[in-house]
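Here is the structure we will look at.
Positions are given from 1, in the same order as the sequence printed here.
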Amino acid sequence: MSWMQKLYRTYEFVQNQGLDDEELALPFHLSKAVHLKVVLNDKAELVRAERFEGKKQIPIQVTEKSIKKAGKAIAPHALHDDLQYIAKTAKDYLTIEYLSQIAPKKAKGKGGKKWQDFLIGSDEEKQTFADAEKAKYQSCFEFYEKQLSDWVEFSDLQEINIVLRYVQKGSLIEDLIEKKYFSFEDNILLLGKDDPFSLTIVWAVEMPDDPHSDLWSKSNIKSQWIKYQESQSEQGNKSKDLCCVTGEEDYPVEAYPKIDGNAKVVSANDDTGFTFRGRFYGDKDNGAKSELGSQAVTLGRDVSQKAFNILKWLIKRQGISNGDQKTVVWAISGKEVPSPMKDSFGVIDWDNLDTSAVENEEEMPSETNISGKDWSSSVGQKAAEIIKKKLHGYRANLENHEQISLLMLDKSTDGRMALTYYQEFLPADYFANLDAWIDDFSWYQRHNIEKPNGKKTDKQTIWAFVPPSPATIGYAVYGQALSDTLKKQLYARLLPVIAGGKNMPVPYDLVQKSFQTACNPYANHRPEDGEKIRKANWQRNIGVACALYKGWRARHQNPSQRRSYPMSLDTESRSRDYVFGRLLAVAEYLERTALNITNEIRATNAERYMQRFATQPYQTWKQLEENLKPYKDRLRKDYPVKVSEKSVLTNPLGFLINRENEITELVCLLDELRQSGCELNKPLEAEFLLGYHSQKMAYRNKKNTQAQQDEQDAIKTAE
């Protein structure tokens, strides 16, 4: 229960700081979505009502029973509640006409069978159903009124007494109808398109000389409710027991707070389905039902309320949500700690960075006169260091002994959440692990940024040398097959890799699947999306595949198989796979430039043959080399050629000679490998993508001035 202890200590620390945050609920309080505020005056008269815009969440006073109420259970909250509890005449509006109006929607929801039966029932059956609902609403109000009366008697709070007097008059619905917040037409109670009985209503009381009217946020009401609930336990038949978290005596909790919707992380009321069989003595048939939960673990009421309230607060404040899956990292001191699941691009403030060296969306070759920018100093190459520097700034704010907690929760059913990952770190270890993730898995990732330019916004694409985000990995590995279930499974598998340090390898099936996807330029592509989207998705897939393979090699379980790869092109590499990747990139670069001259927008032969190239590289290269001949002919020009609206290839012939020289050099390397006994035509491993992408990035990052000089030198050599 270490995680609960850390949550409890975090709650205590936050409260000691005097934080005034409505979203952090106190003990015996629950954050709940509310819809309508009813304002009373000091004479217990309705002044007005106000509808909240959006999803307003506020902490309301609750009991141990009401904190878990669901279905048929009648358990009123202390003060603020649904209309069926606080309106004395609610039952009078449960007409057959009203029930018939709401039944179709309720029949589709959870527990909808009774409403389906109502819809198809006879008039007599419908009346019986309505009478049962009316009796239930009557009981709801009686429980609410009695509980509120007992609180007023204990605390003697004037504002609560005013609310009690008003609800006892039983005019709430009628007053709201009179002031036209509700309407009653054709024997149906209406509130626009909403069902009035689905609303949660909160109270405000305007007192003379007291500008603070909202009862949910008044500190004296909060504190008095906590005292009242504590007194209830002391007056009842409960006895204290040892709390397994604090090691102190406390009243054991009977109901645990909900974390997300109706889902709880801890629950002890599941007495069916053989949950406890074979583990504890007693069963529900011999009267031991109430003891089963305490046999599993005993948690103090104070710990339970505070730990789960702070957990909900942390999730909403700084958690990363993936559907029903929640990840949150925190320090007890409340100091900011970056989440390992946050996209690396979210760490960099792109708006305030110098992005003068960015890739044009048309992806023209660097041998152009488009701008004369210094491509080698691209901020994209420095992105990993920028992120690490930012992380080290967080680290500097933490004391060496402070503990960092990281947990992941996942909703297994509507009523249950599972703790799927929990780990504690010292700051030095936590940030060292994040650094290791950046060092091992950084590779060029394609990222779109928007920069304001006067009245318009310029869209630019930057290749940043950073680790791919979990979401990007999901798209690259699964494509359009990425379901919510697959995405949650993927996040659960990646979290230990990101936060666990160098001893946590990435699952190899993700590496292999990403490699297969990257080798197919048309993977998960729909023709109607167009060539531009296909190309962007494929480039993303290549960046992810390279990052995963690079990280897998860096953390290989066999130390002798570990490899490290530089971010720049490794011209000294003699790896067959790496050299073949470079060769394919040169061929693609040559053909792409030739296609641009004639404004052809389509995939190159290198792209189309890529899957085959990965399985039969040497044989496929012969076909690709033959297919390059017509594109070489287009480039045999010794004068500038327009490549696009914004760029001109200054010396096509020099460009061609350079590419031919590169091809010759790489083919000679392969011949040397073949002569030394290397089988050239066996399938390539994912390292081939590193050579391919490194070669492409070398072209992209090359200085314009140097590129132009290279072409002049090539012409002189040819002469």
Reported CD-to-CG distance for the pair Gln516 and Asn520, which is rounded to 0.5 angstrom: 10.5 Å

I need the minimum non-hydrogen distance between Gln445 and Val466, along with the two atoms involved. CG-O, 3.3 Å

Does any part of the side chain of Leu7, heavy atoms only, come nearer than 4.5 Å to the side chain of Ser405, both counted from C-beta? no

So, does Lys335 use its side chain to make a donor-acceptor pair with the main chain of Ile332 at under 3.5 Å? no

Given side chains that start at C-beta, do those of Gln325 and Lys487 come closer than 4.5 Å, heavy atoms only? no

Examine the side chains of Ser2 and Gln5 and answer whether a donor and an acceptor come within less than 3.5 Å of each other. no

What I want to find out is whether Arg534 reaches Glu531 closely enough, with some N-O distance under 4.0 Å, to be called a salt bridge. yes

How far apart are the closest heavy atoms of Gly530 and His525, and which atoms are they? O-CE1, 3.2 Å

Is atom NZ of Lys389 surrounded by more than 12 heavy atoms (other residues, nucleotides or ligands) closer than 6.0 Å? no

Geometric class of the Tyr692/Trp538 ring pair [parallel <30°, tilted 30-60°, perpendicular >60°]: tilted

Please name the pair of heavy atoms, one in Leu426 and one in Asn400, separated by the smallest distance, quoted to 0.1 Å. CD2-O, 3.9 Å

Rounded distance (nearest 0.5 Å) linking atom CD of Gln539 with atom NE2 of His693: 7.0 Å

Got a donor-acceptor contact below 3.5 angstrom from the His29 side chain to the Pro27 backbone? yes

How long is the gap from OH on Tyr430 to CG on Leu391, to the nearest 0.5 Å? 8.5 Å

Check the pair Met697, Met567 against side chain to side chain contact (heavy atoms under 4.5 Å, CB included), reporting the backbone distance first and the verdict last. CA-CA 9 Å; Met697 294 308 301; Met567 62 180 281; over 6 Å; no

Could you check whether any side-chain N or O of Glu607 sits under 3.5 Å from a backbone N or O of Thr604, counting only pairs where one atom can act as donor and the other as acceptor? yes

State plainly whether the residues Glu687 and Arg563 are in salt-bridge range, i.e. N to O under 4.0 Å. no

If every non-hydrogen atom of Lys488 is compared with every non-hydrogen atom of Lys411, which pair is closest and at what distance? NZ-O, 3.9 Å

Going by heavy atoms in the side chains, are Ile542 and Trp443 under 4.5 Å from each other? no

Quick test of your reading of the model: are Arg395 and Asp435 salt-bridged, counting only N-O distances below 4.0 Å? no

Might you point out which heavy atoms bring Ser573 and Val579 nearest each other, and give the distance in Å? O-CG2, 3.8 Å

Would you please test Arg576 and Leu684 for side chain to side chain contact (heavy atoms under 4.5 Å, CB included) and show each step? CA-CA 8 Å; Arg576 178 193 73 115; Leu684 297 170; 3.7 Å; yes

Does atom CZ of Phe425 have more than 12 heavy-atom neighbours, drawn from other residues, nucleotides or ligands, at distances under 6.0 Å? yes

Supply the atom-to-atom distance Leu666 CG to Phe580 CZ, rounded to the nearest 0.5 angstrom. 10.0 Å

Would the number of heavy atoms belonging to other residues, nucleotides or ligands and lying under 6.0 Å from CD1 of Ile601 be above 12? no

What one should report as the nearest heavy-atom pair of Gly474 and Leu490 is CA-CD2, 3.2 Å

Please confirm whether the backbone N or O of Ala418 pairs with a side-chain atom of Asp410, one donor and one acceptor, at under 3.5 Å? no

Exactly one of Arg700, Arg582, Glu662 clears side-chain hydrogen bond (donor to acceptor under 3.5 Å, both in side chains) with Gln695, and that residue is Arg582

Show your working on side chain to side chain contact (heavy atoms under 4.5 Å, CB included) between Gln15 and Glu12 and close with a plain yes or no. CA-CA 5 Å; Gln15 286 299 306; Glu12 293 291 295; 5.8 Å; no

Decide if the gap between the ring center of Phe655 and the ring center of Tyr589 is smaller than 6.0 angstrom. yes

Looking only at atom types and distance, does a side-chain atom of Arg526 sit under 3.5 Å from a main-chain N or O of Asn524, one as donor and one as acceptor? no

Kindly check if the number of other-residue, nucleotide or ligand heavy atoms within 6.0 Å of CG (Asp429) is above 12? yes

Backbone of Thr517 reached by a side-chain donor or acceptor of Asn541 within 3.5 Å: no

Can you tell if the side chain of Trp330 reaches within under 4.5 Å of the side chain of Arg317, non-hydrogen atoms only? no

Hey, which of Tyr565, Phe441, Tyr508 is the one that makes ring-ring contact (aromatic ring centres under 6.0 Å, His included) with Trp552? Tyr508

Determine, step by step, whether Leu30 and Lys312 satisfy the side chain to side chain contact (heavy atoms under 4.5 Å, CB included) criterion, reporting the C-alpha distance in whole Å, the side-chain angles of both residues, the deciding distance to 0.1 Å, and the verdict. CA-CA 10 Å; Leu30 171 71; Lys312 288 191 289 184; 3.0 Å; yes

Min side-chain heavy-atom separation Phe431-Ile404 under 4.5 Å: yes

Is a side-chain N or O of Glu385 found less than 3.5 angstrom from the main chain of Lys382, in a donor-acceptor match? no

Answer yes or no: is there a side-chain heavy-atom contact under 4.5 Å between Leu689 and Met610? yes

Check whether any side-chain heavy atom of Leu406 lies under 4.5 Å from a side-chain heavy atom of Leu495, and answer yes or no. yes

So, the side chain of Asn309 versus the backbone of Ala25: is there a donor-acceptor pair under 3.5 Å, distance only? yes

For the residue pair Ser31 and Gln57, confirm or rule out a side-chain donor-acceptor distance under 3.5 Å. yes

Check whether Ser442 reaches the backbone of Asp439 with its side chain - one donor and one acceptor, N or O, closer than 3.5 Å. no

Rounded to the nearest 0.5 Å, the CD atom of Gln512 sits from the CD atom of Glu685 at a distance of 8.5 Å

In terms of heavy-atom contacts, does CD of Gln17 have more than 12 from other residues, nucleotides or ligands at under 6.0 Å? yes

Do Lys342 and Val329 have side chains that approach each other closer than 4.5 Å (heavy atoms only, starting at C-beta)? no

Distance-only polar pair, side chains of Tyr549 and Arg553, donor-acceptor under 3.5 Å: yes

Which distance, rounded to the nearest 0.5 Å, do you find between the NE2 of His556 and the CZ of Arg562? 9.0 Å

Answer yes or no: are there more than 12 heavy-atom neighbours, outside Lys388 itself, under 6.0 Å from its atom NZ? yes

Closer than 3.5 angstrom, by distance alone: can the side chain of Lys550 be matched with the main-chain N or O of Asp440 as a donor-acceptor pair? yes

Mind telling me whether Phe613 and Phe688 have parallel, tilted or perpendicular rings, with 30° and 60° as the class edges? tilted

Stepwise side-chain hydrogen bond (donor to acceptor under 3.5 Å, both in side chains) test for Gln561 and Asn558: CA-CA 5 Å; Gln561 295 295 315; Asn558 184 349; 5.7 Å; no

